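These numbers come from a predicted model, not from an experiment. We're numbering straight along the sequence, starting at 1.
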Amino acid sequence: MERGDEQAKQNGHGDGDAAEWKMVTELRAVVEAQDPAVKEEDDSALRRFLRARDHNICKASAMLLKYLAWKRAAKPHGIITDEDVRDEIAKDRVHMHGFDRLGRPMAYLYGARHFPARRDLDDFKRYVAYLLDKICTRLPAGQEKFAAVIDLKGWGYANCDIRGNVAALEIMQNYYPERLGRVLMINVPYMFMAAWKIVYPFIDEKTKKKFVFVANKDLDATLRDAIDESQLLEEYGGKLKP
């Protein structure tokens, strides 16, 4: 074992190469000089920001500083509680159950239950951050990403929310980098594609590749290929009870 790799293991960095962890240390030093709050973030979090900016320390530091400022404003008490988003939770748009075959926790989003006419954008953005925090608490040791199914069965123009979708994407991409593994888009109505074309330019190149549109004829096979029957919800033909 080379000395750098050995030192990395001693620092609890056994899951990456020493050169990358050295860059994490450099990133921390750059950001800490401008915002000491970075001390609250662990090295794995910094590594995600570094990877999101292709290991460019200058770009990663700018991204991380923006995140720290957002975190202070969005979570003045450190966390977003159930009570803070009680009304949003009551709309029952998101369920979190089971894991995919790669060990990533699953979220199921039901697009036809979202009505932008009934939502306040700031409340919705707080709810998005709450959901991302919640699913991240379900990550098993050694896993940094989650996966999702977005079910658009019954989706119509009353559910179309360009501003909300863009806001959610910006929160995920800017403040939770390298957390999303894959999204399966299922039961997609033709009319949804018009809205998708508007939202698509706001998605970064890495994230675009993570959205997979599943044809209805391939739905069962795709879900079973991605998720073991024991971890797949009963409503999709699996054995997992909600």
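Side-chain contact between Ile203 and Gln173: present, with at least one pair of heavy atoms (C-beta onward) separated by less than 4.5 Å. Between Leu232 and Leu240, the closest side-chain pair of non-hydrogen atoms is not below 4.5 Å. Between Phe213 and Phe192, some side-chain heavy-atom pair lies under the 4.5 Å cut-off. For the pair Asp54 and Asn56, the minimum side-chain heavy-atom distance is 4.5 Å or more. Side-chain contact between Leu223 and Val149: present, with at least one pair of heavy atoms (C-beta onward) separated by less than 4.5 Å. Using a 4.5 Å heavy-atom threshold, the side chains of Lys125 and Ile171 count as touching. Residues Leu68 and Val38 are in side-chain contact: their nearest non-hydrogen atoms beyond the backbone lie under 4.5 Å apart. In this structure, Gln34 and Val30 have side chains that are in contact, with non-hydrogen atoms separated by less than 4.5 Å.
Phe124 approaches Gly164 most closely through the heavy-atom pair CE2-O, 3.3 Å. Closest of all the heavy-atom pairs between Gln143 and Gly103 is CG-O, 3.7 Å. Taking all atoms of both residues into account, the shortest heavy-atom contact from Lys210 to Leu180 is NZ-O, 2.9 Å. When all heavy atoms are compared, the tightest approach of Trp155 to Gly111 is CD1-O, 3.8 Å. Between Pro116 and Ala158, the closest heavy-atom pair is CD-O, 3.1 Å. Residues Lys66 and Asn174 approach most closely at NZ-ND2, 3.8 Å, considering heavy atoms.
A cation-pi geometry, defined here as NZ or CZ lying under 6.0 Å from the six-membered ring centre and within 45° of its normal, holds between Arg113 and Tyr110. Figure legend: Arg48 and Tyr176 shown without cation-pi pairing, the cationic atom not lying both under 6.0 angstrom from the six-membered ring centre and within 45 degrees of its axis.
Rounding to the nearest 0.5 Å gives a distance of 8.0 Å between CD1 of Ile186 and CG of Leu152. Distance CG/Leu121 to OH/Tyr127: 15.0 Å, rounded to 0.5 Å. Note: Asp225 CG to Arg101 CZ = 6.5 Å, rounded to the nearest 0.5 Å. Taken to the nearest 0.5 Å, the CZ atom of Arg93 stands 8.0 Å off from the CG atom of Leu131. For the atom pair Arg126 CZ and Glu88 CD, the distance stands at 9.0 Å (nearest 0.5 Å). Within the model, atoms CH2 of Trp21 and OG of Ser44 stand 4.0 Å from one another, a figure rounded to the nearest 0.5 Å.
Ion pairing of Asp100 with Arg182 is absent here, as no side-chain N (NZ or NE/NH1/NH2) approaches a carboxylate O to less than 4.0 Å. Using a 4.0 Å cut-off between a side-chain N of Lys or Arg and a carboxylate O of Asp or Glu, Glu178 and Arg47 do not qualify as a salt bridge. A salt bridge links Asp43 to Arg28: one of the charged nitrogens lies within less than 4.0 Å of a carboxylate oxygen.
A side chain to side chain contact (heavy atoms under 4.5 Å, CB included) with Met185 is found for exactly one of Ile150, Asp151, Leu109, namely Ile150.
A donor-acceptor contact shorter than 3.5 Å links the side chain of Arg224 to the backbone of Gly237. In this structure, Asn159 contributes its side chain and Phe115 its backbone to no donor-acceptor pair below 3.5 Å. Formation of a donor-acceptor pair under 3.5 Å by the Asn165 side chain with backbone atoms of Asp161 is found in this model.
In summary, the side chains of Asp82 and Tyr130 do present a donor paired with an acceptor at a separation below 3.5 Å, with no hydrogens or angles considered.
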With side-chain contact (heavy atoms from CB on, under 4.5 Å) as the test, would you mind laying out the steps for Lys91 and His114 before giving the verdict? CA-CA 8 Å; Lys91 296 173 183 177; His114 178 69; over 6 Å; no
Step by step, would you call Glu234 with Lys241 a salt bridge (charged side-chain N to carboxylate O under 4.0 Å, His left out)? CA-CA 6 Å; Glu234 285 182 331; Lys241 296 182 183 295; 3.0 Å; yes
Tell me, with the steps shown, if Tyr108 and Leu233 meet side-chain contact (heavy atoms from CB on, under 4.5 Å). CA-CA 10 Å; Tyr108 295 83; Leu233 287 175; 3.7 Å; yes
Would you please test Tyr175 and Glu170 for side-chain contact (heavy atoms from CB on, under 4.5 Å) and show each step? CA-CA 8 Å; Tyr175 310 131; Glu170 289 180 344; over 6 Å; no
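Heavy-atom contacts from other residues, nucleotides or ligands closer than 6.0 Å to NZ of Lys217 number 12 or fewer. Remark: Phe202 CZ is loosely packed, at most 12 non-hydrogen atoms of other residues, nucleotides or ligands lying under 6.0 Å away. The environment of Lys206 atom NZ is dense: over 12 non-hydrogen atoms of other residues, nucleotides or ligands sit within 6.0 angstrom.
By the criterion of side-chain heavy atoms lying less than 4.5 angstrom apart, applied directly or through intervening Ile, Leu, Val, Met, Phe, Trp or Tyr residues, Leu50 is grouped together with Tyr67 in one hydrophobic cluster.
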